[in-house]
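Below, all heavy atoms of this structure are taken into account, side chains as well, without hydrogens, waters or symmetry copies.
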Amino acid sequence: MTGYNVAVVGATGAVGTRMIEMLEQSTLPLAQVKLLASARSAGQTRNFKGDELVIEELVPESFEGVDIALFSAGGGISKKFAPEAVKRGAVVVDNTSAFRMDKDVPLVVPEVNADALKDHQGIIANPNCSTIQMMVALEPIRQAAGLKRIIVSTYQAVSGAGAKAMEELRRESAAYLAGTPVDELNPEILPAGGDKKHYPIAFNALPQIDVFAEDNYTYEEWKMINETRKIMADDTIKIAATCVRIPVFAGHSESVYIETEDVIDVAAVKALLAKAPGVVLEDDPSQQSYPQALNAVGKKETFVGRLRRDLDVENGLHMWVVSDNLLKGAAWNSVQIAETLHAMDLVRVN
Ligand code: A2P
């Protein structure tokens, strides 16, 4: 074969921009790359491996001749255009939450459940960023000792809410440092673009990501709960999440507490994680060595450290899990899914 025609939908966005970079670094055989965004961006150019590619306006016909379409332009765009892409013979890897919980749509973290790709019917969903990194860290432990319960608190970067949220953090931080009072920072996006009230993110911590849903958990928290059970194919895992936005541009951090089926000692968990795919173990308290958001930025791996036994629960473990939310949490996981589809011969070529 000569290579795939790949489309990036949302090519100007926080994730789309990184998808282009990940494609540049990918081993996926490429024939042509097509960059799609709204009419506002049509005509702009982006560099791809030395060529200037012109951004085109997304229309249904954009997908003629496309083999793989990577979507990250919001759920509404995916709902409308992913079926158009599939109709024209493309495989869609969708980074939004539009199809994640659909029965017929595999929800995939390649290190954990690549086999689920075999059942795809044209659309594959990329999980929520905070879920992906937690899955990469927990799957090796689950395989060795089983997993009964997860309690996670996240410390999430603003880039997870898109380029405009990053701009909001920049603007508010500059204004605050220049002496603007907090009540004059005029937040417009965070904590959730679609909610009624907005609060400053600069120098703050907001315990709301996405809007509130059932039982006073937010949608982001429900995503972590439901997606974990789907990816691990286990509805019995007990899981609760508290998702918090913090004033960091990139890199999500998570405090994760788990209870395993079998008691497993910390040294054994460290040995497992040291050789687990996609994981970097960074855990040496004597050297103050532990994962940090700033160090994870630009890397594809998930960093795990601060491993400790719970002081009261025999099968309880604590850890700190960090990854670049725009890469493993989004763009890299999507491109990695495309690479895995290729390796498993599951891309339908027109
Ligand atoms: P555009 O820049 O032309 O608006 P982010 O997640 O960083 O906010 O990025 C959203 C991405 O989705 C951008 O690339 C944006 O393109 C794209 N997008 C938004 N609305 C549309 C639309 N109606 N058609 C195609 N792409 C869209």
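Closest approach of Ile246 and Ile201 over heavy atoms only: C-CD1, 3.9 Å. For Ala31 against Asn5, the heavy-atom pair with the smallest separation is CB-OD1, 3.4 Å. Closest approach of Leu28 to Ala338, counting heavy atoms only: CD1-O, 3.6 Å. Across Leu36 and Ala7, no two heavy atoms sit closer than the pair CD1-CB, 4.1 Å. Taking both residues in full, the closest heavy atoms of Ala114 and Thr340 are given as CB-CG2, 4.0 Å, listed atom of the first, atom of the second, then distance. Considering all non-hydrogen atoms of both residues, Pro127 and Ile132 come closest at O-CD1, 3.4 Å.
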Requested in this report: Apply salt bridge (Lys or Arg N to Asp or Glu O under 4.0 Å) to Arg170 and Glu167, showing your working.
Outcome: CA-CA 5 Å; Arg170 235 173 250 123; Glu167 187 43 42; 3.2 Å; yes

Requested in this report: For side-chain contact (heavy atoms from CB on, under 4.5 Å), just list the numbers for Val9 and Phe81, CA-CA rounded to whole Å, side-chain angles, deciding distance to a tenth of an Å, and then say yes or no.
Outcome: CA-CA 9 Å; Val9 180; Phe81 288 95; 5.9 Å; no

Query raised in the report: Checking side-chain contact (heavy atoms from CB on, under 4.5 Å) for the pair Leu138/Ile258: CA distance, chi angles, key distance, verdict?
Result: CA-CA 9 Å; Leu138 295 188; Ile258 58 168; 3.8 Å; yes

Requested in this report: Apply the test side-chain contact (heavy atoms from CB on, under 4.5 Å) to residues Phe48 and Leu23: give CA-CA distance (whole Å), side-chain angles for both, the deciding distance (0.1 Å), then the verdict.
Outcome: CA-CA 9 Å; Phe48 186 85; Leu23 279 174; 3.8 Å; yes

Report task. Please report the C-alpha distance between Val33 and Leu53 in whole Å, then the side-chain angles of each, then the deciding distance to 0.1 Å, and finally whether the side-chain contact (heavy atoms from CB on, under 4.5 Å) criterion is met. Result -> CA-CA 8 Å; Val33 172; Leu53 303 185; 4.0 Å; yes

Query raised in the report: Can you check side-chain hydrogen bond (donor to acceptor under 3.5 Å, both in side chains) on Gln143 and Glu139, steps first, answer last?
Result: CA-CA 6 Å; Gln143 280 185 17; Glu139 179 64 9; 2.9 Å; yes

Requested in this report: Mind running salt bridge (Lys or Arg N to Asp or Glu O under 4.0 Å) on Arg306 and Asp283 for me, showing each step along the way?
Outcome: CA-CA 6 Å; Arg306 296 296 324 276; Asp283 193 3; 5.8 Å; no

Requested in this report: Walk me through it: do Glu57 and Ser38 pass the test side-chain hydrogen bond (donor to acceptor under 3.5 Å, both in side chains)?
Outcome: CA-CA 5 Å; Glu57 180 184 355; Ser38 77; over 6 Å; no

Query raised in the report: Would Glu64 and Arg88 satisfy salt bridge (Lys or Arg N to Asp or Glu O under 4.0 Å), going step by step from the backbone distance to the final call?
Result: CA-CA 6 Å; Glu64 294 295 347; Arg88 289 169 176 81; 3.0 Å; yes

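Within 6.0 Å of CG in Asp284 there are more than 12 heavy atoms belonging to other residues, nucleotides or ligands. No more than 12 heavy atoms of other residues, nucleotides or ligands lie within 6.0 Å of CD in Glu314, so this atom counts as exposed by the packing criterion. Leu294 CG: 12 or fewer foreign heavy atoms inside a 6.0 Å radius. Applying the 6.0 Å contact sphere to NZ of Lys164 captures no more than 12 heavy atoms from other residues, nucleotides or ligands.
Between Val158 and Val248, every side-chain heavy-atom pair lies at or beyond the 4.5 Å cut-off. Looking only at side-chain heavy atoms (C-beta outward), Glu339 and Thr27 come within less than 4.5 Å of each other. You'll find the side chain of Val182 reaches within 4.5 Å of the side chain of Pro200, heavy atoms only. You'll find the side chain of Lys270 reaches within 4.5 Å of the side chain of Leu307, heavy atoms only.
Using a distance-only test at 3.5 Å, with no hydrogens or angles considered, a donor-acceptor pair links the side chain of Glu172 to the main chain of Ala202. Although no hydrogens or angles enter the test, the distance criterion places a donor-acceptor pair under 3.5 Å between the side chain of Asn113 and the main chain of Val109. For the pair His120 (side chain) and Val347 (backbone), a donor-acceptor distance under 3.5 Å is absent. Proximity of a side-chain donor or acceptor of Asn333 to a complementary backbone N or O of Gly329 within less than 3.5 Å is not detected. Side chain of Asn47 to backbone of Gly50: a donor-acceptor contact under 3.5 angstrom is found. Between the side chain of Asp102 and the main chain of Asp104, no donor-acceptor pair closer than 3.5 Å is present. Distance alone, capped at 3.5 Å, is enough to place a donor-acceptor pair between the Thr154 side chain and the Val244 backbone. Remark: side-chain polar atoms of Ser255 are not paired, donor with acceptor, to backbone N or O of Trp320 under 3.5 angstrom. Under the 3.5 Å distance criterion, the side-chain polar atoms of Lys275 are left unmatched by any main-chain donor or acceptor of Ala271. In this structure, the side chain of Glu168 engages the main chain of Ile189 through a donor-acceptor pair within 3.5 Å.
Results of the side chain to side chain donor-acceptor pair (under 3.5 Å) test with Glu220 over Gln156, Gln208, Arg245 single out Gln156 as the only residue that passes. Of the residues Met319, Glu282, Glu254, the one that meets the side-chain contact (heavy atoms from CB on, under 4.5 Å) test with Val304 is Met319.
With 3.5 Å as the limit, one finds a donor-acceptor pair spanning the side chains of Ser130 and Asn128. Residues Asp94 and Ser78 have side chains that bring a donor and an acceptor to within less than 3.5 angstrom of each other. A donor-acceptor pair shorter than 3.5 Å cannot be found between the side chains of Lys300 and Gln336. Between the side chains of Ser323 and Gln133, no donor-acceptor pair of N or O atoms lies under 3.5 Å.
With hydrophobic clusters built from ILVMFWY side chains whose heavy atoms lie under 4.5 angstrom apart, Val279 shares a cluster with Leu147.
A salt bridge does not link Arg229 with Asp234: every distance from a Lys NZ or Arg NE/NH1/NH2 to an Asp or Glu carboxylate oxygen is 4.0 Å or more. Classification of Lys230 and Glu227 as a salt-bridged pair fails, no side-chain N sitting under 4.0 Å from a carboxylate O. Remark: Lys328 engages Glu111 in a salt bridge, criterion side-chain N to carboxylate O under 4.0 Å. Ion pairing between a basic and an acidic side chain is recognised when a charged N comes within 4.0 Å of a carboxylate O; Glu84 and Lys87 show such pairing. Under the 4.0 Å criterion applied to side-chain N and carboxylate O atoms, Glu259 and Lys148 are not assigned as salt-bridge partners.
From Leu272, atom CG reaches atom CZ of Arg142 across 13.5 Å, with rounding to the nearest 0.5 Å. Considering CD1 of Ile124 and CG of Asn95, their distance stands at 13.0 Å, rounded to 0.5 Å. Atom OG1 of Thr228 is separated from atom CD1 of Ile150 by 5.0 Å, given to the nearest 0.5 angstrom. Note that CE of Met19 and CG of Leu35 are 12.0 Å apart. Values are rounded to the nearest 0.5 Å. Considering CZ of Arg46 and OG1 of Thr17, their distance stands at 6.5 Å, rounded to 0.5 Å. Taking CG of Leu70 as the start and NZ of Lys34 as the end, the distance is 13.5 Å to the nearest 0.5 Å.
The aromatic rings of Phe71 and Phe63 sit parallel, their planes meeting at an angle under 30°, below the 60° perpendicular limit.
Residue pairs meeting the ring pair (Phe, Tyr, Trp, His ring centres under 6.0 Å) criterion with at least one member in residues 219-270, sequence neighbours excluded, are Tyr217-Trp222, Tyr257-His318.
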